[in-house]
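Quick notes on the structure that follows.
Keep in mind the model is a prediction, meaning the values are calculated, not measured. Just so it is clear: chains get the letters A, B, ... in the order the sequence lines come, proteins before strands, and each one is counted from 1.
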There are 2 protein chains.
Amino acid sequence: VGTLHLVLAESALELVPEELWSHPAVAKSARARNKRPGELLLEDTFHHSAMRAAAKKNQFPGLERRGRPDIIHLCLLVALESRLNHEGSLRCWVHTRNDETIEVDPEIRLQRAQHRFNGLMEQLLLQGEVPPGAEKPLLRVHSETSLADAVKRTGARQIVLFDENGEDENVLDESLTADGQDQDLAVLIGGFPTGPLTSDLSGLSHKTIRLGSRPLTAWTVASEILVRYHQAARR
Amino acid sequence: VGTLHLVLAESALELVPEELWSHPAVAKSARARNKRPGELLLEDTFHHSAMRAAAKKNQFPGLERRGRPDIIHLCLLVALESRLNHEGSLRCWVHTRNDETIEVDPEIRLQRAQHRFNGLMEQLLLQGEVPPGAEKPLLRVHSETSLADAVKRTGARQIVLFDENGEDENVLDESLTADGQDQDLAVLIGGFPTGPLTSDLSGLSHKTIRLGSRPLTAWTVASEILVRYHQAARR
């Protein structure tokens with residue numbers, strides 16, 4: 001049986017960018033955590049006023065798609081605790097909007113508390129791997145990549161992108177049959193709240209599929225695919 | 001088509017009990033939030049030392065199964081954002097280990113940040129409903145119930161309990177066929193980290209089922225059922 005590669009694409013995961021360092025909301029959260037602003041993870045829940053102020057000055061593109069580590073946390077908790085992962089048939093990758101690609105060890109046991117997960121992501125984005133210096137790190141950042149590079153890194157031959165403007169999901173069923181699972185499958189899901197992917201995937205042969213007629217959260221798409229892929233393998 | 005009732009059972013959701021009020025870790029978090037200890041949600045991540053100290057004095061049974069609102073939060077985010085809920089075929093109920101039953105409006109938009117969700121749960125457990133005094137509250141507590149009462153409240157005729165000691169999941173398939181969906185189905189999932197349910201369900205006709213051979217998190221079981229039930233309805 002092949003492996004399913006879950007790729008969270010253009011994920012809303014980044015350290016606070018320099019344009020926001022001097023804003024009072026950022027300075028306050030840096031002081032509270034005894035860190036420099038650039039060492040903090042950008043969090044919409046705490047830094048929204050800073051993000052909005054910078055956006056008004058045209059210094060912060062993509063206001064609605066940044067600072068949402070909770071989405072990545074939730075998707076990874078859903079994926080890493082899935083039956084597919086327990087059975088060794090899943091790999092998770094987090095591609096960020098800054099074009100880093102995070103490789104996730106399937107054995108990692110992620111913190112459940114958001115503030116602890118966010119602390120881990122700060123450490124990871126600053127140091128490039130967690131734990132630092134380990135022979136086989138649990139999380140590792142590959143820098144200066146692109147979404148297409150991230151997908152190539154998986155080695156998967158079948159690529160499916162989930163997007164509201166895709167084809168009907170019936171097309172999906174063949175990729176999820178036991179036969180289809182002979183080859184690795186990479187599924188790309190936007191790791192942000194809303195809107196389409198903007199990366200250039202023209203060099204990669206792929207299908208684009210929509211699930212149902214309403215916008216779905218990233219973890220809803222992830223759990224749909226994880227369960228259906230696992231069910232197909234069971235049959 | 002019938003409705004799926006997701007019942008989180010004996011959930012690890014409660015206010016800090018009196019036995020812990022005087023512990024320094026609890027006093028500290030109460031001061032930090034400018035609340036009384038009994039107005040705080042019990043959180044293992046902040047109150048673990050207090051929980052362990054009380055457990056050593058035999059004043060805190062169930063140490064491993066309490067103070068985990070993150071599990072309820074995650075299950076509800078998975079359920080409320082599911083396709084089944086978008087299509088109006090899901091109801092969520094949270095039965096707590098103190099035998100309250102929380103009725104969840106399917107239209108509620110839950111906070112994504114854990115600390116905000118926890119604040120909402122504090123308000124709910126203190127006041128009995130959220131928002132207070134609303135004609136149709138988004139969350140409502142039914143007190144002095146039992147798990148069996150909670151299940152009866154759903155009105156479902158088919159009842160399936162998920163437990164590591166249950167029957168093989170193939171039994172489940174018939175409940176998930178389109179035919180089986182003529183009648184409402186209640187699925188009971190433990191809303192805590194580990195171990196079996198302890199409630200008396202002997203008065204209720206039900207099946208007990210296990211998914212696979214490994215322990216699964218509550219949200220893994222929930223997403224498995226939500227996706228499979230929705231797929232069966234689609235066929």
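- Using a 4.5 Å cut-off between heavy atoms, B:Pro215 touches chain A through its backbone atoms (N, CA, C, O) alone.
- Using a 4.5 Å cut-off between heavy atoms, A:Leu226 does not touch chain B at all.
- A 4.5 Å side-chain heavy-atom check between B:Glu224 and A:Gln231 finds at least one atom pair inside the cut-off.
- Contact residues of residues 25-49 of chain A toward chain B are A:Thr45, A:Phe46 (heavy-atom distance under 4.5 Å).
- No part of A:Pro193 comes within reach of chain B, as not one of its non-hydrogen atoms sits under 4.5 angstrom from that chain.
- Each of A:Ile71, A:Asp70, A:Leu74 was evaluated against B:Arg112; a single residue qualifies, A:Asp70, per the side chain to side chain contact (heavy atoms under 4.5 Å, CB included) test.
- Inspection of non-hydrogen atoms places A:Leu77, A:Val78, A:Glu81, A:Ser82, A:Arg83, A:His86 of residues 76-91 of chain A under 4.5 Å from chain B.
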